[in-house]
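One structure is given here, and the rest of the page talks about it.
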Amino acid sequence: MASFQTLPGFREFYPDALARRNHLFRLWRQTAHTFGFAEYDAPVLEPLELYKTKSGDEIEGQLFSFTDKGGREVALRPEMTPTVCRLVGERANALKRPIKWFSIAEFYRYERMQKGRGRCFFQFNADIFGEPGIEAETELIALLAQNLCAFGLTEQDFYIRLSDRNLWFFFLEALGFDDARSRSLLTAVDRFEKLGDDAFKPDAEQYGALEPSKQAQILAFLGIRSLSALEAQVSSLGGDKLRARLDDWRRLLRNLEAMGLSRLVEVDLGVVRGLAYYTGFVFEAFDRKGELRALAGGGRYDNLVGKLGYAELPAVGFAIGDMTFALLLEQRGLMPNLVQAPDVYVVIGGPAERLAAFGDIQALRAAGYRVDYPMKELAFGKQFKAAAESGAKLALIYGTDELAKGVVKVRDLGERSEREVPAAQLLAEVRAFFTGGA
RNA sequence: GCGGUCAUAGCUCAGUUGGUUAGAGCACCAGAUUGUGGAUCUGGGGGUCGCGGGUUCGAGUCCCGUUGGCCGCCCCA
């Protein structure tokens with residue numbers, strides 16, 4: 001046996017696996033269209049600098065990057081956000097607002113394999129550009145929810161945690177921290193769920209120990225799980241920025257409630273989402289059981305288009321990864337059986353009958369029916385077996401008798417009934433079966 | 001990058017204290033079966049036991065290395 005292996009972390013899609021993948025893509029694409037998002041695509045290979053500009057030089061260690069034959073430093077795309085920012089930035093003045101775009105694409109990261117994470121994966125990405133208000137967040141959170149619900153997932157299977165980096169900064173400012181210290185504390189907040197109090201150690205080492213009362217306030221803020229608790233804690237601090245931001249929260253949650261999404265969305269200020277190019281609301285979808293890594297994540301990133309050298313343009317976006325999502329669907333028994341069955345299987349008596357059948361086979365295929373037939377001469381018994389195994393609804397029988405009479409025998413494989421149809425009426429008969437039937 | 005664990009047919013696995021030519025089920029192919037159904041029976045193909053080295057009269061089995069999978073840590077845009 002040849003000894004070529006698939007590269008580590010890469011995936012092959014045999015027909016059954018590709019059928020499952022396509023099932024995800026089909027519903028995601030369909031859902032995005034119902035929300036009025038337009039699909040785009042872009043290069044798999046980009047200048048390395050694009051990602052360094054967005055995420056910093058350290059990012060290179062996690063990229064598939066190399067120097068091409070023209071001496072260019074390039075990388076396989078690890079995410080879509082910088083690319084879509086470039087696409088929009090280039091034509092920002094010519095695009096109708098709001099700009100609502102989505103894509104389904106493959107990404108590459110040079111990382112260690114883990115459950116729900118490989119070196120290549122697909123993501124559904126959706127972004128709205130040009131809308132600074134919470135209307136954009138409303139639309140995207142609704143799209144995220146529907147993109148999961150479309151598969152039969154409910155509030156028992158997943159939920160969306162909603163947080164806000166602005167609110168955190170305003171809050172920490174009100175507690176008397178400057179911007180740098182606030183960032184450090186946010187890192188601690190981000191890790192608190194995993195590390196507990198140890199999460200604050202790096203901050204304390206750099207800036208000195210945190211006053212216990214302030215840490216208590218931060219932890220209380222982190223623990224907020226409802227709008228009313230949020231209002232209570234913010235009102236005690238006062239401050240115009242906080243009050244205005246709280247109003248954004250009220251309006252966003254009211255929108256989501258009106259859309260019937262309250263059960264799916266939870267206030268959770270523990271979500272800050274790692275590398276901080278986010279500038280406002282952030283949200284992540286998780287499975288309810290908490291067994292899997294994040295299903296989806298996103299948020300507002302108003303500075304990124306400008307940072308890449310274009311005119312400032314507000315933006316919100318999120319992505320859903322295919323691996324964790326497929327795991328969840330399979331766990332919940334929501335991955336349908338996706339066998340590709342023909343509509344019609346043709347049973348052929350011999351070489352002369354085969355030639356007669358070919359004309360009809362082509363005509364039926366041209367009319368849009370899935371038609372299959374045995375490639376070799378086979379006994380009738382075997383052909384009917386093959387017809388049954390294929391999953392076809394209908395068998396067409398071309399035998400010596402039928403040919404002599406100028407008819408085709410049409411057998412309903414479900415009901416095990418059959419009748420003879422004049423050859424000229426075959427297409428009409430098949431059409432009647434599939435439109436009138438079921 | 002670090003740690004744990006595993007690797008025998010396309011898949012799931014068995015393989016005795018190291019002992020002839022490495023097995024089963026499923027799947028695949030063919031026949032029984034040249035005019036009617038997913039069954040059954042019979043037969044067949046498919047393995048340098050992940051790869052390399054070592055110990056031994058003898059290694060799928062023991063030892064070392066390596067590659068890869070899985071799980072976790074770091075990271076997670």
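Within every chain, numbering begins at 1; the chains are lettered A, B, ... in the order of the sequence lines, protein sequences first and strands thereafter.
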* To do: Could you please name the option among B/A77, B/G35, B/G31 that lies closest to any side-chain atom of A/R109?
  => B/A77
* Can the ring centroids of A/W28 and A/F325 be said to lie less than 6.0 angstrom from one another? -> yes
* Hey, does the Lys NZ or Arg CZ of A/R86 hover above the aromatic six-ring of A/Y310, less than 6.0 Å from the centre and inside 45° of the axis? -> no
* Rounded P spacing from B/U42 to B/G50 in Å -> 32 Å
* Under 4.0 Å between a Lys/Arg side-chain N and an Asp/Glu carboxylate O for A/D322 and A/R11? -> yes
* **A/R288/A/E266 salt bridge by N-O under 4.0 Å criterion** => yes
* Gap in Å between the two P atoms, one belonging to B/C6 and one to B/A30, rounded -> 41 Å
* Asked: Do the side chain of A/Q383 and the base of B/U36 come within less than 3.5 angstrom through a donor-acceptor pair of N or O atoms?
  -> no
* To do: Measure the shortest side-chain to side-chain distance between A/F151 and A/M335 over non-hydrogen atoms and say whether it is less than 4.5 angstrom.
  => no
* Asked: Thinking salt bridges, do A/E193 and A/R161 make one under a 4.0 Å N-O criterion?
  -> yes
* Indicate, with a heavy-atom threshold strictly under 4.0 Å, whether A/E377 touches base, sugar-phosphate, or nothing. => nothing
* **Nearest-angstrom distance, C1' atom, B/U61 to B/U16** => 10 Å
* **Interatomic distance at C1', B/G60 relative to B/A14, whole Å** => 12 Å
* **Ring centre gap for A/F122 and A/F25 strictly below 6.0 Å** => yes
* To do: Would you write the dot-bracket representation of RNA chain B, where each base gets (, ), [, ], | or . depending on whether it forms a Watson-Crick or G-U pair under 3.5 Å and with which partner?
  => (((((((..((((.....[...)))).(((((.......))))).....(((((..]....))))))))))))....
* **Sugar-phosphate only, base, or nothing, as touched by A/L378 at under 4.0 Å among non-hydrogen atoms** => nothing
* To do: Taking atom P in both B/C71 and B/U34, compute the distance separating them and give it to the nearest angstrom.
  => 50 Å
* Any donor-acceptor N/O pair, A/Q425 side chain to A/P422 backbone, under 3.5 Å -> no
* Taking C-beta and beyond as the side chain, do A/C120 and A/Y108 meet within less than 4.5 Å on heavy atoms? -> yes
* To do: Establish, yes or no, whether the cationic atom of A/R245 lies under 6.0 Å from the six-membered ring centre of A/F281 and within 45° of the ring axis.
  => yes
* Under 3.5 Å side-chain donor-acceptor pair for A/Y51 and A/E46 -> no
* To do: Could you please spell out the steps behind the ring pair (Phe, Tyr, Trp, His ring centres under 6.0 Å) verdict for A/F64 and A/F10?
  => CA-CA 12 Å; A/F64 273 94; A/F10 282 79; 5.5 Å; yes
* Write down the distance separating the P atoms in B/C62 and B/A7, rounded off to the nearest Å. => 10 Å
* **Pairwise P distance for B/C26 and B/G43, with rounding to whole Å** => 14 Å
* **Pairwise salt bridge (charged side-chain N to carboxylate O under 4.0 Å, His left out) hits with a residue in residues 136-158 of chain A, at least two apart** => A/K100-A/E139, A/E137-A/R300, A/E155-A/R263, A/D157-A/R332
* Taking atom P of B/C41 as reference, at what distance in whole Å does atom NZ of A/K385 sit? -> 12 Å
* Asked: So which nucleotide from B/A77, B/G35, B/G37 ends up closest to the side chain of A/R416?
  -> B/G37
* Cation over ring, A/R119 on A/Y110, under 6.0 Å and within 45°? -> yes
* Can you figure out which of B/A77, B/G38, B/C76 approaches the side chain of A/S55 most closely? => B/A77
* Structure fact -> Sorted by position of nearest nucleotide on RNA chain B, 5' first, the leading residue of A/I59 and A/G391 is A/G391
* Can you find an N or O donor on one side and an acceptor on the other, under 3.5 Å apart, linking the side chain of A/R411 with the base of B/G37? -> yes
* To do: Answer yes or no for A/K307 and A/Y277: cation-pi contact, defined as NZ/CZ to six-membered ring centre under 6.0 Å and angle to ring axis within 45°.
  => no
* Asked: Stacking check: are the rings of A/F380 and B/G35 less than 5.5 Å apart at their centres and under 30 degrees in tilt?
  -> yes
* Going by the angle between their ring planes, with limits at 30° and 60°, are A/F318 and A/F124 parallel, tilted or perpendicular? -> tilted
* To do: Verify the neighbour count for atom CZ of A/R225: are there more than 12 heavy atoms of other residues, nucleotides or ligands below 6.0 Å?
  => yes
* Of the listed nucleotides B/C76, B/A77, B/U36, the one nearest the side chain of A/Y278 -> B/A77
* Across the strands shown, which category fits A/Q123 at heavy-atom distances under 4.0 angstrom: base, sugar-phosphate, nothing? -> nothing
Quick test: give all pairs of protein nitrogen or oxygen and nucleotides 65-71 of chain B nitrogen or oxygen below 3.5 Å, distance rounded to 0.1 Å.
unit_1: B/G69; atom_1: OP1; unit_2: A/G9; atom_2: N; d: 3.3
unit_1: B/C71; atom_1: OP2; unit_2: A/K115; atom_2: N; d: 3.1

* **hbond_proxy A/E402 side chain to B/G35 base (donor-acceptor, 3.5 Å cutoff)** => yes
* To do: Remember a base hit wins even if backbone is also touched, and classify A/K52 as base, sugar-phosphate or nothing at under 4.0 Å, heavy atoms.
  => nothing
* Asked: Salt-bridged, A/R77 to A/D41, with N to O below 4.0 Å?
  -> yes
* Going by number, which of residues 77-89 of chain A have a non-hydrogen atom under 4.0 Å from RNA chain B? -> A/P78, A/E79
* Going by heavy atoms closer than 4.0 Å, what residues in residues 287-325 of chain A are next to RNA chain B? -> A/R293
Identify each atom pair where a protein N or O and an N or O of nucleotides 26-28 of chain B are less than 3.5 Å apart, giving names and distance.
none

